[in-house]
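Just so it is clear, the structure is predicted and the values come from calculations on it, not from any experiment. Numbers for residues simply follow the sequence, beginning at 1.
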Amino acid sequence: MEKIKMITPVVEMDGDEMTRILWKMIKDELILPFVDLKTEYYDLGLLHRNETKDQVTVDAALATKKYGVAVKCATITPNRQRMEEYPQLTEMWKSPNGTIRSILDGTVFRAPILIDAIRPVVRNWQKPITIARHAYGDVYKAVDMVTEEPGECTLTFRGESGQEKTICVQKVDGPAVWQGAHNLRKSIRSFARACFQFAIDTKQDLWFSTKDTIAKIYDGEFKKVFEEEYEAYRAKFEELGITYFYTLIDDAVARVIRSRGGFIWACKNYDGDVMSDMVSTAFGSLAMMTSVLVAPDGTTEYEAAHGTVTRHYYRYLQGEETSTNPMATIFAWTGALKKRGELDGLADLSAFADRLEAACLDTLNAGIMTKDLVGLVDDPAKVRAVNTREFLAEIRARLEA
């Protein structure tokens, strides 16, 4: 069979631990036999990021801006435990996702992958809930420090005009920990526009939530910008019969649990991080969620929303076969290939991505699953648990058929 040709490369960002192993398995089994794959490769594995002083992450983000489409493997963001695990690290490097999102700006849209055999834990959920996560700032670009003595902390802004503003953060009588977060109005505005446009494109209601009763100025700015931007989209919303509304995040959580699903829930950066995990787990599994970053200029980066599956990786190193769910990583690849096909006018490449997704869903609906999903079906006796290699082989058989 002649392989499908590509014109423009996809930026490929390799990752860490078990997801790095899955990455190669998926390419070897499901993509390279069918596609003459063109990628610009960047190794975002933790040790290589360390060797390059994280320059490779910046380079990958800039390449994504150049080519317009990227696909990313899950990566380690080191903490103190990881510094002990990897003693060769010279620094506790920042989240590569945070670095990439900071350069690209835009919004992350995450939606669960649904199959008939698994019903959501929240029984009244009948349609997917898409999390729209702001992809810049807040705690992900914050600076912090620890102090050991009584004193006063102030926050000062010095404008280029020479104007200064200073406020007292807090006076303390002993050791304390401090954090300074920020956001940019232009990024908030891009976030709002992306959410409104995505709602129109997908014909779904849009919810937006913050905590502006507490963070009156910070979260209040988000609320104000969304209200301003909505005016440009109001007529189209009314024409399509879809709605936009704002509410506090604690109210939104209650509303989401009582809802039937089928809408977009826009959240600030950290809120979206947490709530997307909650939504994906309630629908089935973290490994059953799509994730795409959409930048204001149309640049897209597809990724799996879960971590590097450390526990399975150490079992793999001991020679064991693992039953690691590759669905989110496969759908990151299909999303990128589909988008590349759309941009380059390659209908056969986009169609291949659709067929690969269909083969994945056919395999799951036939009752062939990785172990993380078996316990989620109503009748586990009707499904067959397989390891990752067997699961990929079953998908390939259906893809070839």
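A donor and an acceptor atom, one from each side chain of Glu17 and Thr310, are located under 3.5 Å apart. A donor and an acceptor atom, one from each side chain of Asp16 and Tyr313, are nowhere located under 3.5 Å apart. Side-chain contact check for Trp265 and Ser209: at least one donor-acceptor pair (N or O, by modelled atom type) lies under 3.5 Å. When only modelled atom types and interatomic distance are considered, Tyr41 and Asp14 share a side-chain donor-acceptor pair under 3.5 Å.
Across Phe198, Phe191, Tyr302, a single residue satisfies ring pair (Phe, Tyr, Trp, His ring centres under 6.0 Å) together with Phe109, and that is Phe198. Ser285 pairs in a side chain to side chain donor-acceptor pair (under 3.5 Å) with only one of the listed residues (Thr370, Asp372, Asn325), which is Asp372.
The backbone N or O of Val256 lies less than 3.5 Å from a partner atom in the side chain of Trp125, making a donor-acceptor pair.
Ring geometry for Tyr140 against Tyr270 counts as tilted: the plane angle lies between 30° and 60°, on a 0 to 90° scale. Aromatic ring pairs are classed by plane angle as parallel below 30°, tilted from 30° to 60° and perpendicular above 60°; the pair Tyr230 and Phe237 is perpendicular.
With salt bridges taken as basic N to acidic carboxylate O contacts below 4.0 Å, one links Asp219 and Lys268. The pair Glu301-Lys72 does not count as a salt bridge, with every side-chain nitrogen at least 4.0 angstrom from each carboxylate oxygen. A salt bridge links Glu303 to Arg101: at least one charged side-chain nitrogen sits closer than 4.0 Å to a carboxylate oxygen. Using a cut-off of 4.0 Å between Lys/Arg side-chain N and Asp/Glu carboxylate O, Glu342 and Lys338 are scored as not salt-bridged.
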_Apply side chain to side chain donor-acceptor pair (under 3.5 Å) to residues Trp178 and Gln170 and explain how you reach the verdict._
CA-CA 10 Å; Trp178 311 89; Gln170 191 62 272; over 6 Å; no
_Verdict with supporting geometry, Glu357 and Thr334, side chain to side chain donor-acceptor pair (under 3.5 Å)_ = CA-CA 7 Å; Glu357 289 182 1; Thr334 57; 2.7 Å; yes
*Kindly indicate, with the supporting measurements, whether the criterion side chain to side chain donor-acceptor pair (under 3.5 Å) is fulfilled by Thr90 and Asn50.*
CA-CA 7 Å; Thr90 57; Asn50 186 70; 3.0 Å; yes
*Evaluate the side chain to side chain contact (heavy atoms under 4.5 Å, CB included) criterion for residues Asp43 and Arg20: first the C-alpha distance (whole Å), next the side-chain angles of each, then the deciding distance (0.1 Å), finally the verdict.*
CA-CA 10 Å; Asp43 183 359; Arg20 188 182 182 97; 2.9 Å; yes
*Decide side chain to side chain donor-acceptor pair (under 3.5 Å) for Tyr136 and His182; before the verdict, give the C-alpha distance in whole Å, the side-chain angles of both, and the deciding distance to 0.1 Å.*
CA-CA 9 Å; Tyr136 178 84; His182 83 284; 2.8 Å; yes
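Lys224 NZ: more than 12 foreign heavy atoms inside a 6.0 Å radius. Few gaps surround CZ on Arg234; more than 12 heavy atoms of other groups in view lie less than 6.0 Å from it. Under a cut-off of 6.0 angstrom, the local environment of NZ in Lys371 is sparse, with at most 12 non-hydrogen atoms contributed by other residues, nucleotides or ligands.
Outside the 6.0 Å centre-distance limit, the rings of Tyr246 and Phe226 are not counted as a close aromatic pair.
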